[in-house]
Amino acid sequence: MDYRKMYFQLAAKVADAMDILSKAQEEGEAAFMNGEPFPELKVIATQEKNRDSE
């Protein structure tokens, strides 16, 4: 068996898969950023307690 050839074929397939996943992530992020805002979501600011004073 030619393990070197098998290794490089595997590495190429892994690189292809990473490219596909990266592109899908970018498209999903772009769709989210360009989409309608979600009126049901609220941003709530919280104030941290100073734990040193306890």
Side-chain angles (χ1 to χ4, degrees):
M1 291 189 145
D2 186 359
Y3 290 105
R4 183 181 171 128
K5 180 180 176 184
M6 290 171 42
Y7 172 80
F8 284 112
Q9 287 175 338
L10 174 62
K13 295 291 184 181
V14 168
D16 291 345
M18 293 299 297
D19 289 341
I20 291 168
L21 292 171
S22 179
K23 183 177 178 185
Q25 179 181 3
E26 290 172 5
E27 290 174 357
E29 290 171 350
F32 177 79
M33 295 302 290
N34 295 328
E36 293 293 321
F38 298 96
E40 66 274 4
L41 295 179
K42 292 183 181 180
V43 176
I44 301 172
T46 60
Q47 187 174 8
E48 288 188 33
K49 287 185 177 180
N50 187 353
R51 295 189 180 259
D52 293 337
S53 63
E54 291 180 359

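Hydrogens, waters and symmetry mates play no part in the numbers below; they use all other heavy atoms, side chains included.
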Residues at least two apart in sequence or cross-chain that pass side-chain contact (heavy atoms from CB on, under 4.5 Å) with Lys5, listed by chain then number, are Asp2, Gln9
By side-chain contact (heavy atoms from CB on, under 4.5 Å), Tyr3 pairs with (sequence neighbours left out) Met1, Met6
The remaining residues in the hydrophobic cluster of Phe8, counting side-chain heavy-atom contacts under 4.5 Å among Ile, Leu, Val, Met, Phe, Trp and Tyr, are Tyr7
Applying side chain to side chain donor-acceptor pair (under 3.5 Å) to Gln25 and not counting sequence neighbours gives Glu29
